[in-house]
Every structure is written in structure tokens, then in C-alpha cells.
Amino acid sequence: MTELNKGVFPSFQQNLVQWYKEHKRELPWRLSQDPYRVWVSEIMLQQTRVDTVIPYYERFMREFPSMEDLAEAEEDRLLKVWEGLGYYSRVRNLQSAVREVVEEYASQVPRTRKQVESLKGVGPYTAGAILSIAYDLPEPAVDGNVMRVLSRVFCIEADIAKPKTRKIHEEILYELIDKQDPSSFNQGLMELGALICTPTSPGCLLCPVREQCQAYEMGRQGDLPIKSKKKKAKVVKLNAFVLTTSDGRFVIEKRPNTGLLAGLWQLPMTQIDAEESHSLANSYVVESDIVKQSFQVRHVFSHLIWEIDLYAAKVSTNEIPETAKFVERKDLEGYAFPVSQQKLLTYCLEEELL
DNA sequence: TAGACGTGGCA
DNA sequence: TTGCCAAGTCT
């Protein structure tokens with residue numbers, strides 16, 4: 001950053017902050033600066049679109065209006081409220097961190113980067129967002145939007161997919177951030193990235209900082225930021241089983257409390273690559289043929305793809321694994337299921353397999 | 001550092 | 001249909 005370049009800082013700040021104040025969206029988490037509400041919204045917004053988050057946020061704040069309410073909640077209820085949002089470890093970490101704040105900080109979200117960032121689930125971005133939005137502290141909050149905007153404004157060539165690139169942007173922001181209104185500045189940067197300075201076809205003609213943008217000046221806004229490609233997701237083949245009993249119940253299993261979809265419920269499933277696709281016999285007493293259904297689910301995660309075949313069978317109520325449960329249709333709404341399982345269950349209900 | 005960790009929308 | 005994304009963090 002040359003001294004000459006720093007000359008653009010004051011007008012960049014003013015243009016951005018003024019634009020933000022005039023054009024910012026009315027979002028439910030923008031109604032107050034309450035640190036807990038800001039915190040919840042930032043966790044939900046990680047890798048998740050605003051439109052998706054809004055109804056989840058409203059419901060979450062109704063269910064857990066205070067940090068004490070969240071600290072005391074049962075994990076199954078947490079997961080049910082988070083059901084469908086994805087990245088489920090977020091809500092466990094949030095509860096764990098909220099408990100720490102309630103117990104160690106007398107229910108006051110701390111005000112230093114070191115303390116906030118040490119909370120579970122709070123990384124460099126979220127720490128900066130909480131400190132700037134709730135407490136008006138001049139801390140950078142570097143997310144994907146911010147790196148895209150800054151890459152263009154300053155023609156930064158660093159690959160924004162690389163972890164260390166975030167630090168480059170933070171260093172710039174410690175100088176660039178508006179010390180008078182860090183909240184509007186940080187949110188303005190993100191709002192600009194979301195509404196104007198978008199990944200493809202940015203709306204430069206509407207941009208409040210066009211005059212300060214080096215990429216625009218050079219006609220390079222379409223080439224920046226640099227971002228390396230992700231690797232392809234691997235396909236995992238699974239069998240799922242609708243196991244019904246003579247008294248009208250069926251089996252669901254709770255997933256392990258770590259790893260993928262931790263703690264959520266599902267139909268019994270076996271991975272196919274091992275030659276034990278029908279290893280059901282180890283866990284259940286099957287009292288009928290195992291009938292393959294003409295129905296498949298293909299579910300795409302960020303790092304893998306599930307291809308699930310569905311089978312139906314009758315089982316006795318005698319033997320059942322620790323993690324399994326016999327339930328009735330009407331009780332399904334009490335359990336949290338990932339989307340892949342909702343697809344299977346919807347089919348089962350429509351075909352009256354359950 | 002790179003991979004794990006979800007979901008829905010859009011070109 | 002496929003790929004990429006959207007306010008990241010943890011290991």
C-alpha cells in the first residue's frame with residue numbers, strides 16, 4: 001500500500017458509509033445492537049444466504065430470547081430449531097460458547113478480539129463482526145464479500161481461496177476501516193459485495209466507490225478476485241431401510257455426536273462399498289423379505305454426494321441397537337432430520353410405507 | 001494447509 | 001445436469 005493509494009481512504013470511507021446508510025436492507029438482526037442477537041445472526045449467516053437465514057433467525061430468537069435460555073436448552077431441541085440450516089456443529093458450538101459467556105463473563109459478551117475469538121465457533125470474521133456491529137469497535141470483519149470487494153478496489157491478486165489471504169485483507173482494513181463508524185463501514189463492505197460488487201457481472205455503474213476502484217479503472221473487475229477451484233465431491237453409495245413393526249411403528253437411528261450430521265436422526269443406513277450391504281441382520285430381527293423400492297435419493301453436500309437406495313422390511317420389536325428407537329408417524333416432528341432423510345421420509349409417507 | 005462440514009438458489 | 005456459490009470455523 002503506497003502513500004499515494006492511501007489518499008483515497010477518506011472518500012472511500014465516506015462514500016461507502018453514506019451508501020450503506022441509504023441502501024441497507026431492513027433485516028431482523030439490524031433492529032438492535034444487542035451482542036447476543038448480533039452473535040446469533042453472524043453464526044447463522046456463515047456460508048448461508050440472507051433469505052435462508054431470516055425465518056430461522058426469527059424462530060431462534062423466539063425460542064431462545066436470552067443467552068440464559070439458550071444455555072439451558074436441551075441439545076435435541078437445539079438441533080430441531082436448526083433443522084435444515086446445515087453445518088449443525090454451529091449450533092452446538094454456539095450453545096457451548098454462550099454457556100461460557102454466562103458462566104465466565106457474567107452474561108456479558110466480552111469486548112476484546114482475543115476473548116471473543118477464543119469462544120467456540122467464533123473465528124476471525126465473526127469476532128470482528130460482533131465487536132464492530134455490537135460495540136462499534138474498529139475491528140476488521142473479513143468474509144467472502146469483503147475479500148471480493150477489496151480484491152477489486154486494490155487489484156489484489158492473492159488467491160482468496162487460500163487461508164493466509166484473509167490476513168492480507170485484515171492488514172489493509174486496520175488502516176482503511178472508518179474509525180468513526182466501524183459498524184456501518186464493515187456492514188457496508190459486505191452489503192456492497194452482496195448487492196453491487198457481486199461475483200459475476202458486478203454493477204459498477206451503481207457502485208458508490210467506483211471512483212476509488214482500481215479494477216474498474218483498468219477494466220479488470222471481471223478478472224478479480226482470483227479464486228482457485230474446489231475439488232470434486234466424492235460419491236458415497238448407501239442403502240436406507242424402512243423397518244416397520246407389526247404394531248405400526250418403525251425404526252429411526254441417532255447419528256453419532258461427532259462428524260457429518262452429528263446427532264441428527266435417520267432411517268437405518270448401511271454403506272455399500274463394504275460387501276455387507278445387508279448387515280442389518282446384525283442389528284435387527286428381520287421377519288420378511290427385504291424389498292427394494294423404485295426410489296433413489298441423490299443428495300449433494302459440499303464435499304461429498306450421497307446416493308441412497310431404499311429398502312423396506314418387517315422387523316420384530318425384540319432386538320434393537322443402542323442408538324435406535326421405534327417411533328410412530330405422529331412422533332416424527334419431534335426429531336431433527338437432515339434434508340436427505342426428509343426426502344426419504346416424504347416418499348415413505350406418500351407411498352404409505354409408514 | 002487442506003479437507004470436513006449442509007443446504008438451496010441460480011446460470 | 002453441473003458447478004459455484006453465501007456474512008467461515010475447526011482440525
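Because the structure is a prediction, the values reported are computed rather than measured. We name chains A, B, ... by the order of the sequence lines, and we start the count at 1 in each one.
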Visitor: Among B:dG6, B:dT7, C:dC4, which nucleotide has an atom closest to any side-chain atom of A:His299?
Guide: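 Shortest atom-to-atom distance from the side chain points to B:dT7.
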Visitor: Rounded to the Å, how far apart are A:Glu42 CD and C:dA6 P?
Guide: 17 Å
Visitor: Write down the distance separating the P atoms in B:dA4 and C:dA6, rounded off to the nearest Å.
Guide: 22 Å
Visitor: Expressed as a whole number of angstroms, how long is the span from A:Leu45:CG to B:dG6:P?
Guide: 18 Å
Visitor: Give a yes/no on whether any side-chain N or O of A:Lys231 is located under 4.0 angstrom from OP1 or OP2 of B:dG3.
Guide: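 For B:dG3, OP1/OP2 do have a side-chain N/O of A:Lys231 under 4.0 Å.
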Visitor: On DNA chain C, compare the nucleotides closest to A:Gly144 and A:Ser228; which residue's is nearer the 5' end?
Guide: A:Ser228
Visitor: Side chain of A:Lys162, heavy atoms from C-beta onward: which of B:dA2, C:dC4, B:dT7 has the nearest atom to it?
Guide: B:dA2
Visitor: Not counting sequence neighbours, list each pair that qualifies as a side chain to side chain donor-acceptor pair (under 3.5 Å) and has a residue in residues 122-139 of chain A.
Guide: A:Glu42-A:Tyr125, A:Gln46-A:Thr126, A:Arg113-A:Glu139, A:Ser132-A:Asn186, A:Glu139-A:Tyr174
Visitor: For the ring pair A:Trp82 and A:Tyr56, is the centre-to-centre distance below 6.0 Å?
Guide: no
Visitor: Examine B:dG6: is either OP1 or OP2 under 4.0 Å from a nitrogen or oxygen in the side chain of A:Ser340? Give yes or no.
Guide: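 No, A:Ser340 has no side-chain N/O under 4.0 Å of OP1/OP2 on B:dG6.
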Visitor: When you check the phosphate oxygens OP1 and OP2 of B:dG3, does a side-chain N or O of A:Lys230 lie under 4.0 Å from one of them?
Guide: no
Visitor: Give one of base, sugar-phosphate or nothing for A:Arg255, where a contact means two heavy atoms less than 4.0 Å apart.
Guide: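 If one applies the 4.0 Å heavy-atom cut-off, A:Arg255 turns out to touch nothing in the nucleic acid.
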Visitor: If I take atom CH2 in residue A:Trp306 and atom C1' in nucleotide B:dT7, what distance separates them, rounded to the nearest angstrom?
Guide: 13 Å
Visitor: Which nucleotide wins on minimum distance to the side chain of A:Pro338, given the candidates C:dT2, B:dT7, C:dG3?
Guide: B:dT7
Visitor: Which of these nucleotides, C:dC5, B:dT7, C:dG8, is closest to any side-chain atom of A:Tyr88?
Guide: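 The answer is B:dT7.
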Visitor: Atom NZ of A:Lys292 and atom OH of A:Tyr311: how far apart are they, to the nearest 0.5 Å?
Guide: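 If we round to the nearest 0.5 Å, A:Lys292:NZ and A:Tyr311:OH are 4.0 Å apart.
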Visitor: If I take atom CD in residue A:Gln47 and atom C1' in nucleotide B:dT7, what distance separates them, rounded to the nearest angstrom?
Guide: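 Taking CD of A:Gln47 and C1' of B:dT7, I get 11 Å after rounding.
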Visitor: Taking any heavy-atom pair under 4.0 Å as a contact, classify A:Val122: base, sugar-phosphate, or nothing.
Guide: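 It contacts sugar-phosphate atoms only.
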Visitor: Return the nearest nucleotide to the side chain of A:Phe301; candidates are B:dG6, C:dC5, C:dT9.
Guide: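 Closest of the options to the side chain of A:Phe301: B:dG6.
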Visitor: Can you check the distance between C:dT11 and B:dG6, where both ends of the measurement are the P atom (answer in whole Å)?
Guide: 14 Å
Visitor: Quickly work out the A:Arg298 CZ to B:dG8 P distance and round it to whole Å.
Guide: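 Distance, rounded to whole Å: 16 Å.
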Visitor: Please report, rounded to the nearest Å, how far the C1' atom of B:dT7 is from the CD atom of A:Gln342.
Guide: 11 Å
Visitor: Report which part of the nucleic acid A:Leu189 touches: base, sugar-phosphate, or nothing (heavy-atom distance under 4.0 Å, all strands).
Guide: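 The residue A:Leu189 makes no contact with any strand.
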Visitor: Any base atoms under 4.0 Å from A:Lys234, or only sugar-phosphate, or nothing? Heavy atoms, all strands.
Guide: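 It contacts nothing in the nucleic acid.
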Visitor: Using OP1 and OP2 only, check whether a side-chain N or O of A:His303 sits under 4.0 Å from B:dG3.
Guide: no
Visitor: Only one of A:Lys343, A:Gln341, A:Glu307 passes side chain to side chain donor-acceptor pair (under 3.5 Å) with A:His299; say which it is.
Guide: A:Lys343
Visitor: Under 4.0 Å from OP1 or OP2 of B:dA4: is there any side-chain N or O of A:Tyr87 that close?
Guide: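 Checking A:Tyr87 against B:dA4: no side-chain N or O falls below 4.0 Å of OP1 or OP2.
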Visitor: Calculate the interatomic distance between A:Leu119 atom CG and C:dG8 atom P; express it in whole Å.
Guide: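 About 19 Å, once rounded to whole Å.
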Visitor: Of the candidate nucleotides C:dA6, C:dT9, B:dG6, which contains the atom at the shortest distance from the side chain of A:Arg49?
Guide: C:dA6
Visitor: Are any of the side-chain nitrogens in A:Glu83 or A:Lys80 under 4.0 Å away from the carboxylate oxygens of its partner?
Guide: yes
Visitor: Side chain of A:Asn93, heavy atoms from C-beta onward: which of C:dC10, B:dG6, C:dG8 has the nearest atom to it?
Guide: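 Between C:dC10, B:dG6, C:dG8, the one nearest the side chain of A:Asn93 would be C:dC10.
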Visitor: Could you check whether A:Leu304 gets within reach of a base, just the sugar-phosphate, or nothing at all, counting any heavy atom under 4.0 Å?
Guide: nothing
Visitor: Which part of the nucleic acid does A:Thr126 contact within heavy-atom distance under 4.0 Å: base, sugar-phosphate only, or nothing?
Guide: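 Sugar-phosphate contact only.
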Visitor: Is a salt bridge present between A:Arg249 and A:Asp247, judged by a nitrogen-to-oxygen distance below 4.0 Å?
Guide: yes
Visitor: For A:Lys234, does the NZ atom have more than 12 heavy-atom neighbours from other residues, nucleotides or ligands under 6.0 Å away?
Guide: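 For A:Lys234, atom NZ is not crowded (no more than 12 foreign heavy atoms under 6.0 Å).
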Visitor: If you measure from the Lys or Arg side-chain nitrogens to the Asp or Glu carboxylate oxygens, is any gap between A:Glu63 and A:Arg77 under 4.0 Å?
Guide: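 A salt bridge links A:Glu63 with A:Arg77.
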Visitor: What is the nucleic acid contact for A:Gly259, judged by heavy atoms within less than 4.0 Å: base, sugar-phosphate only, or nothing?
Guide: sugar-phosphate
Visitor: Below 4.0 angstrom from OP1 or OP2 of C:dG3, is there any side-chain N or O of A:Lys232?
Guide: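 Looking at the OP1 and OP2 atoms of C:dG3, one of them is under 4.0 Å from a side-chain N or O of A:Lys232.
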Visitor: Expressed as a whole number of angstroms, how long is the span from A:Ile43:CD1 to B:dG6:P?
Guide: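 These atoms are roughly 15 Å apart.
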Visitor: Looking for any heavy atom pair under 4.0 Å, which part of the strands does A:Thr48 touch: base, sugar-phosphate only, or nothing?
Guide: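 Base contact.
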Visitor: Is any side-chain nitrogen or oxygen of A:Arg148 closer than 4.0 Å to OP1 or OP2 of C:dA6?
Guide: yes
Visitor: If you look at every strand shown and take non-hydrogen atoms under 4.0 Å, does A:Val300 touch a base, only sugar-phosphate, or nothing?
Guide: base
